[in-house]
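All heavy atoms count here, side chains included; hydrogens, waters and symmetry mates do not. Counting from 1, the numbers follow the sequence of the chain as shown.
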Amino acid sequence: MTYRLSALLSASALGLLVALPVQADTLDDLKEQGFARIAIANEPPFTAVAADGSVSGAAPDVAREVFKRLGVPEVVASISEYGAMIPGLQARRHDAITAGLFMKPERCAAVAYSEPVLCDAEAFLLPAGNPKGFASYEDIAADPEATIGAPGGGTEEKLALEAGVPRDRVIVVPDGQSGLKMLQDGRLDVYSLPVLSISDLIAKSGDDSVEMFAPVVGAPVYCDGAAFRKGDEALRDAFDVELAAMKASGEFAAIIEPYGFSAAAAMSTSRAELCGE
């Protein structure tokens, strides 16, 4: 589904608003307010913002339906870099993060995650034929000339640094199209994103001079969830109740599988397992 941005938030719209009052803390407050603010990225198919301002993607679609079931009729989306999402949530600029922000123990300590929503594995975008034979972040670290692009503050940046790629060879890239262009221009040797995001870039580019390598050797499979502020566990728990009902009814699968995600993958694990609780 795709929703049109509207400064006045029409009844069927998702909006991208820059400045709104500090939002509510409880489900009752959100119902009275009439909308929930969510932080998103611009990384298809998790989330996407078209040139005309329309917002789509599996994460905002799921969030919109869950909040609607909770009696909150509107969802207002604000674009954020991954590294700024949790600080923005804690600063009360958002009510929730629904953006492919994968669960990890350190993030689970900072936010209250829902049960899993979207799952994916890591991938490399490379020149066709993978001339340098890169299969892991460690392979890139071992090549003294290799550079890798990744979203700032995202999982791929951290995995590259943890594998020993020097900071000056990990290039922060603002969005997928920029990463593709930098690789095409020879300014990157590798661009790293989840499988679904790389697949989307290749499909839309129609460029047979690039290819995907996946899954990245040694990189874990991740799942995200809607992230709420610590202290808002009651809101998170209410979200989980409706999410579980959607998973059981098949509506969850109907929303995410057209985007290429697996409902079975999200239903095969749990927040407790992913957060190491």
Without placing hydrogens or testing angles, list every side-chain donor-acceptor pair under 3.5 Å for residues 146-154, not counting sequence neighbours.
residue, atom, partner, partner atom, Å
Thr147, OG1, Asp189, N, 3.3
Thr147, OG1, Asp189, OD2, 3.4

Please output the side-chain donor-acceptor pairs of residues 208-222 that fall under 3.5 Å, not counting sequence neighbours, one pair per line with the distance.
residue, atom, partner, partner atom, Å
Ser209, OG, Asp207, OD1, 2.6
Ser209, OG, Asp207, OD2, 3.0
Glu211, OE1, Gly129, N, 2.9

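Ser192 places no side-chain N or O within donor-acceptor distance of the main-chain N or O of Phe124, the cut-off being under 3.5 Å. The backbone N or O of Ala227 sits nowhere less than 3.5 Å from a side-chain atom of Ser114 that would complete a donor-acceptor pair. The closest donor-acceptor contact from the side chain of Asp139 to the backbone of Ser136 lies under 3.5 Å. Although no hydrogens or angles enter the test, the distance criterion places a donor-acceptor pair under 3.5 Å between the side chain of Tyr113 and the main chain of Phe102.
Among all heavy-atom pairs drawn from Ala160 and Val170, the shortest one is CB-CG2, 4.1 Å. The two atoms that bring Ala36 and Val72 nearest to each other are N-CG1, 3.7 Å, heavy atoms only. Of all heavy-atom pairs between His94 and Gly88, the closest is CD2-C, 3.6 Å. Closest of all the heavy-atom pairs between Ala41 and Ala99 is N-CB, 3.7 Å. Between Arg64 and Val75, the closest heavy-atom pair is CA-CG2, 3.4 Å. When all heavy atoms are compared, the tightest approach of Ser56 to Tyr259 is CB-OH, 4.0 Å.
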Intermediate values then yes/no, ring-ring contact (aromatic ring centres under 6.0 Å, His included), Phe46 and Phe261: CA-CA 9 Å; Phe46 292 90; Phe261 291 98; 4.9 Å; yes
If you apply the rule side chain to side chain contact (heavy atoms under 4.5 Å, CB included), what do you find for Leu188 with Val173, and how did you get there? CA-CA 10 Å; Leu188 293 174; Val173 178; 4.2 Å; yes
Going through the checks in order, is the side chain to side chain contact (heavy atoms under 4.5 Å, CB included) test met by Val62 and Leu243? CA-CA 8 Å; Val62 170; Leu243 180 63; 4.2 Å; yes
After noting the C-alpha distance and the side-chain angles of Phe67 and Asp95, does the key distance pass the side chain to side chain contact (heavy atoms under 4.5 Å, CB included) rule? CA-CA 11 Å; Phe67 277 113; Asp95 293 303; 5.5 Å; no
Check the pair Arg107, Thr155 against side chain to side chain contact (heavy atoms under 4.5 Å, CB included), reporting the backbone distance first and the verdict last. CA-CA 11 Å; Arg107 287 177 177 164; Thr155 297; 3.8 Å; yes
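Each side chain to side chain donor-acceptor pair (under 3.5 Å) pair with one or both residues in residues 233-245, not counting sequence neighbours, appears once here: Asp240-Arg271. Residues in residues 161-171 take part in these salt bridge (Lys or Arg N to Asp or Glu O under 4.0 Å) pairs, two or more places apart or across chains: Glu157-Arg167, Lys158-Glu162.
Once rounded to the nearest 0.5 Å, the distance linking OH of Tyr82 with CD of Glu156 reads 8.0 Å. Between the OG atom of Ser205 and the CG atom of Leu183 there is a distance of 10.0 Å, given to the nearest 0.5 Å. Note that the CE atom of Met85 and the CD1 atom of Ile40 stand 8.0 Å from one another [nearest 0.5 Å]. Note that CZ of Arg37 is 10.5 Å distant from CG of Leu89, once rounded to the nearest 0.5 Å. Of the inter-residue distances, the one linking Leu193 atom CG with Asp120 atom CG reads 9.5 Å to the nearest 0.5 angstrom. Going from atom NZ of Lys181 over to atom CZ of Arg187 covers 6.0 Å, rounded to the nearest 0.5 Å.
Among residues two or more places apart in sequence or in another chain, the salt bridge (Lys or Arg N to Asp or Glu O under 4.0 Å) test is passed with Glu251 by Arg69. Shown here are the side chain to side chain donor-acceptor pair (under 3.5 Å) partners of Glu81, two or more places apart in sequence or in another chain: there are none.
Hydrophobic clustering, with ILVMFWY side chains joined whenever heavy atoms are under 4.5 angstrom apart, keeps Val195 apart from Val117. Connection of Tyr191 to Ile202 is established within a shared hydrophobic cluster, with ILVMFWY side chains joined at heavy-atom distances below 4.5 Å, either directly or through further cluster members. The hydrophobic clustering, which links ILVMFWY residues whose side-chain heavy atoms are closer than 4.5 Å, places Leu196 and Leu201 apart.
Counting heavy-atom neighbours within 6.0 Å of Lys68 NZ, excluding the residue itself, gives a total of 12 or less. Under a cut-off of 6.0 angstrom, the local environment of NZ in Lys104 is crowded, with over 12 non-hydrogen atoms contributed by other residues, nucleotides or ligands.
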